[in-house]
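Inspection log for the structure reproduced underneath, given as structure tokens.
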Amino acid sequence: MSLSEKFIVLPFKRVRGNLTPGEMRQASNSASAERIASAMADRFVGVAAYAVMVDMETGDMTNPRVLCHFGETADIAA
């Protein structure tokens, strides 16, 4: 199992009253992920930037760590 740390930004929107994740964006580093999240914050109900461990063989993401968040977000580890 080959793990690599990646940085993602996940916007959230409301669909029929439920908080739903939007399209994930990848960032090159933690500072970039935080800048992207901040720039997206006014267009979504919530936005969060995460550092995640990715299994390079399967693509599975584990151990999400919140770098920053704006507005309403959901726990993606649940």
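Hydrophobic clustering (side-chain heavy atoms under 4.5 Å, transitive across Ile, Leu, Val, Met, Phe, Trp, Tyr) groups V54 together with Y50. V47 and V45 fall into different hydrophobic clusters, where Ile, Leu, Val, Met, Phe, Trp and Tyr are joined by side-chain heavy atoms under 4.5 Å apart, directly or via other members. If you chain together hydrophobic residues whose side chains sit under 4.5 Å apart, M61 and V66 fall into the same group.
Rounded to the nearest 0.5 angstrom, S32 OG and L67 CG are separated by 11.0 Å. Note that the OG atom of S38 and the NE2 atom of H69 stand 13.0 Å from one another [nearest 0.5 Å].
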What donor-acceptor contacts under 3.5 angstrom involve side-chain atoms of residues 3-27, with partners at least two apart or in another chain?
unit_1, atom_1, unit_2, atom_2, d
E5, OE2, R65, NH2, 3.0
R14, NH1, G17, O, 2.9
R14, NH2, E72, OE1, 2.4
T20, OG1, N18, O, 3.3

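Residues forming a side-chain contact (heavy atoms from CB on, under 4.5 Å) with T58 (at least two apart in sequence, or on another chain): D55, D60.
Considering every non-hydrogen atom in both A33 and A49, the closest pair reads O-CB, 3.7 Å. Here the closest non-hydrogen pair linking I76 and P64 is CD1-CB, 3.7 Å.
The salt bridge (Lys or Arg N to Asp or Glu O under 4.0 Å) pairs that include a residue from residues 28-47 number zero, where partners must be two or more places apart or lie in different chains.
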